[in-house]
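The block underneath contains the structure these notes are about, expressed in structure tokens.
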Number of protein chains: 2
Amino acid sequence: MKRVPRISETEWEVMRAVWAGHPATSAEIVARLAADDPTWHPKTARTLLARLVEKGALASEADGRAFRYRPLFAEAECVAAASDSFLDRVFGGALKPMLAHFVEHQDLSPAEIKELEELLARRKRRR
Amino acid sequence: MKRVPRISETEWEVMRAVWAGHPATSAEIVARLAADDPTWHPKTARTLLARLVEKGALASEADGRAFRYRPLFAEAECVAAASDSFLDRVFGGALKPMLAHFVEHQDLSPAEIKELEELLARRKRRR
DNA sequence: CAGTCAGGACTACAAGTGTAGGTCACATGT
DNA sequence: ACATGTGACCTACACTTGTAGTCCTGACTG
């Protein structure tokens with residue numbers, strides 16, 4: 001399995017727009033990005049799409065006048081890679097303090113807490 | 001409260017070395033970094049220290065021949081800032097999927113699981 | 001005192017990032 | 001067929017990051 005390329009902050013937004021439904025033309029992707037944040041400039045988005053293709057994160061196939069883009073890595077793979085790097089960088093690799101931080105400092109609804117408890121319980125049973 | 005400056009990947013290592021005990025001279029910091037990873041070049045470490053001072057992440061006070069460095073932000077503040085940005089970038093701000101990801105994909109000892117369950121329970125009681 | 005070494009100040013430099021602008025060709029409306 | 005607009009392709013450019021090297025000076029060592 002090829003290594004996930006390094007994806008920068010802004011590129012992540014683009015990747016998420018692609019994962020949201022693919023293959024997608026640049027126009028579609030630009031529209032999704034703008035929907036989320038109107039300050040997105042189409043030129044910027046297209047530049048990033050091109051860079052992501054160069055990096056091997058996306059594939060593009062010509063479709064008449066336009067291109068359609070498709071991710072070359074599943075979101076889950078990229079998430080895992082980014083998570084590892086974050087965990088390492090910020091928490092020195094210590095998982096529990098990290099989870100504790102989020103549980104302590106962010107908002108979780110009671111329903112979400114319940115779900116997490118169930119996840120932990122299942123986790124435990126699985127050894 | 002001033003905004004936490006943006007701290008890059010490598011700079012995080014330096015910051016953690018400073019948080020590990022301060023004020024600390026550059027020699028001490030260089031030593032801590034090298035202890036963790038012998039490939040650290042002293043020059044590189046000093047450059048990063050200077051950059052962090054420029055960025056306003058560290059303060060330096062002359063102490064005879066050398067400088068002593070001191071963090072201008074608590075580790076917790078920086079951790080919180082980095083965590084927010086990570087959560088946003090990679091999970092689009094969705095906390096629960098993020099926690100679920102880590103619980104699912106990383107190693108947790110039974111003891112750690114227990115601690116997290118307690119945290120969640122306390123969390124719930126606190127409303 | 002002369003050589004040596006450590007540390008700060010400045011410099012270097014390529015790759016990666018954020019943020020577009022300009023050009024050119026094809027598709028489309030009139 | 002002509003004017004327009006849109007997308008691909010190339011170009012730009014300043015800033016950040018990683019990774020040091022050079023130079024100078026004061027301190028320490030014989």
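What you see is a predicted model, and the numbers here were worked out from it, not measured in a lab. A, B, ... follow the sequence lines: proteins, then strands. Residue 1 opens every chain.
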With no hydrogens and no angle check, do the side chains of B/Arg46 and B/Ser26 hold a donor and an acceptor under 3.5 Å apart? yes
OP1, OP2 of C/dA6 versus side-chain N and O of B/Arg65: anything below 4.0 Å? no
For the backbone of B/Glu11 and the side chain of B/Arg51, can you confirm whether one donor and one acceptor N or O come within less than 3.5 Å of each other? no
To the nearest angstrom, the CG-C1' distance between A/Leu33 and C/dG18 comes to 14 Å
Does the pair A/Arg16 and A/Glu75 meet the rule for a salt bridge (Lys or Arg N to Asp or Glu O under 4.0 Å), with working shown? CA-CA 8 Å; A/Arg16 284 197 290 123; A/Glu75 180 162 14; 5.4 Å; no
Annotated protein contacts, base or backbone, on nucleotides 15-24 of chain D with a non-hydrogen cut-off under 4.0 Å, one of B, S, - each: --BBBBSBB-
Side-chain N,O (A/Ser26) to OP1/OP2 (D/dA8) below 4.0 Å: yes
Integer-rounded Å distance: C/dA6 P and B/Phe67 CZ: 19 Å
Could you tell me how far apart A/Arg68 (CZ) and D/dG7 (P) are, to the nearest whole angstrom? 13 Å
Are B/Phe73 and B/Met15 linked, directly or through intermediate hydrophobic residues, by side-chain heavy-atom contacts shorter than 4.5 Å (ILVMFWY only)? no
Can you label the angle between the B/Phe86 ring and the B/Phe102 ring as parallel, tilted or perpendicular, going by 30° and 60°? tilted
Write down the distance between CD (A/Glu54) and C1' (D/dT11), rounded to a whole number of angstrom. 13 Å
In whole angstroms, the gap separating C1' of C/dG18 from CZ of B/Arg89 amounts to 15 Å
Rounded off to whole Å, could you give me the CG-to-P distance for the A/Leu52 and C/dG16 pair? 13 Å
Distance-minimising heavy-atom pair for B/Asp107 and A/Leu95: O-CD2, 3.5 Å
Have a look at A/Ala50 and say if it touches a base, only the backbone sugar-phosphate, or nothing, with a 4.0 Å heavy-atom cut-off. nothing
Between atom CG in B/Asp63 and atom C1' in C/dG7, what is the gap in whole Å? 13 Å
Would A/Ile29 and A/Tyr69 satisfy side chain to side chain contact (heavy atoms under 4.5 Å, CB included), going step by step from the backbone distance to the final call? CA-CA 9 Å; A/Ile29 295 167; A/Tyr69 294 89; 4.1 Å; yes
What is the distance, rounded to the nearest whole Å, between atom CG of B/Leu49 and atom C1' of C/dA9? 14 Å
